[in-house]
Structures are given as C-alpha cells and as structure tokens.
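All remarks here apply to the structure that follows.
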Amino acid sequence: MIAEGPKEQAKRGAATIGEFIREQRQQGQVSVRQLARLAGVSNPYLSQIERGVRKPSAEILQQIAKGLRISAEQLYVRAGILETREGNQELVAAILVDEDLGERQKQVLLDIYESFCRENAQTRASADPSAVAATGS
C-alpha cells in the first residue's frame, strides 16, 4: 500500500469535514441556503465544503458550527485542526479562532494551557490519591 502524501491527506480531511457538515445539516433539517446565510458564506462555497472541494478555515468552521448549533470543537477535531484536548474546550476554541494570533502563537498558548492542566491534575492526584482514578493519570 502506498502512503498518502500531504495533498491526499488534506483532500481526505476536507471530504470528511464536508461529509460531517452535510450530515449535521440534514439531521437538523437545514437547507444549504439556510446554513450558508446563518454562517455568512455563499451557497456555492458551502456546497464546495460539503463536497470536499474546499477546506474551510477555523473561522468559517466556527460560523458553520453556530449555524448548525453544534460545538465548534467538534468541527475542529473533524477537520484535523484540533486534537481532543484537555481543559475548557470553549477556551481552546476561542484561542483557535482569534484572528489577532498567528498559528504558531495559538499552538504555543494551547501547549502552555494543557501543560498547566496536566500539572494541576498531578498536584490534585498527589494531594488526594483517590483523584488519580478521576483524572485518568
């Protein structure tokens, strides 16, 4: 079997997120036109996302999530923008969509935040051994 290159992986990821968006839209009984209006994008652009032709930015995914009334984190994880992370997912999502931060800055902030979350969990676990089971450490 031949390994996928970055272009193939990106195409597959775009198709996966597009399929997920289409499924969520259909389950919510929302038309492409309605979701496009709610998300502030054009009908053709949303259609291209659903077909896997275009890969949406984190900002567009956040707008689509609002239109679908689902968490932006679900879309970020599906799109490969975000791994399942520890901590407050709303905070993580807010960092990811902040337009004043560069991609590297966002990653550094998230890494620091996760480090603090792990450190605090370890501190709680050492203070209360029964907390180990709750944190999964």
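Nothing here was measured: the structure is a model prediction, and the numbers come from that model. One-based numbering along the sequence shown.
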Point to revise | Between CZ on residue Arg124 and CD on residue Gln122, distance to nearest 0.5 Å | key: 10.0 Å
Review point. When rounded to the nearest 0.5 angstrom, what is the spacing between CG in Asn43 and CD in Gln48?
Key: 11.0 Å
Exercise for review: Of all the heavy-atom pairs spanning Ile49 and Ile21, show the shortest one and how long it is.
Suggested key: CG2-CD1, 3.8 Å
Review point. Looking at residues at least two apart in the chain, or sitting in another chain, which of them share a side-chain contact (heavy atoms from CB on, under 4.5 Å) with Leu38?
Key: none
Practice item. Please name the pair of heavy atoms, one in Arg54 and one in Pro56, separated by the smallest distance, quoted to 0.1 Å. Key: O-CD, 3.6 Å
Check your understanding: Any salt bridge (Lys or Arg N to Asp or Glu O under 4.0 Å) pairs touching residues 21-44, not counting sequence neighbours?
Key -> Arg22-Glu50, Arg25-Glu50
**Study point:** side chain to side chain contact (heavy atoms under 4.5 Å, CB included) assessment of Leu61 paired with Ile17
**Key:** CA-CA 9 Å; Leu61 287 173; Ile17 186 63; 4.0 Å; yes
Practice item. Examine distances only and state if a side-chain atom of Glu19 and a backbone atom of Thr16 form a donor-acceptor pair shorter than 3.5 Å. Key: no
Check your understanding: What distance do Arg118 atom CZ and Glu114 atom CD have between them, rounded to the nearest 0.5 Å?
Key -> 6.0 Å
Review point. According to the salt bridge (Lys or Arg N to Asp or Glu O under 4.0 Å) rule, which pairs have a member within residues 93-102, sequence neighbours left out?
Key: none
Revision key, fill the gap. dist Leu91:CG -> Cys117:SG (nearest 0.5 Å) comes out at 8.5 Å
Exercise for review: Applying side chain to side chain donor-acceptor pair (under 3.5 Å), name anything that partners Ser115, two or more places apart in sequence or on another chain.
Suggested key: none
Review point. Atom OG1 in Thr123, atom CD in Glu119: separation rounded to 0.5 Å?
Key: 5.5 Å
Practice item. Search all heavy atoms of Lys55 against all heavy atoms of Tyr45 and return the closest pair with its distance. Key: O-OH, 4.4 Å
Study note, to complete from the structure: Here the gap from Leu109 atom CG to Arg104 atom CZ, rounded to the nearest 0.5 Å, amounts to 10.5 Å
Check your understanding: At their closest point, which heavy atom of Leu46 faces which heavy atom of Ile64, and how far apart are they?
Key -> CD1-CD1, 4.1 Å
Check your understanding: Under a single-linkage rule joining Ile, Leu, Val, Met, Phe, Trp and Tyr whose side-chain heavy atoms are separated by less than 4.5 Å, which residues share a cluster with Ile112?
Key -> Val108, Phe116
Study note, to complete from the structure: Hits for side chain to side chain donor-acceptor pair (under 3.5 Å) against Gln26, two or more places apart or cross-chain, chain-then-number order -> none
Point to revise | Flag, side chain of Gln34 to backbone of Ser31, donor-acceptor distance under 3.5 Å | key: yes
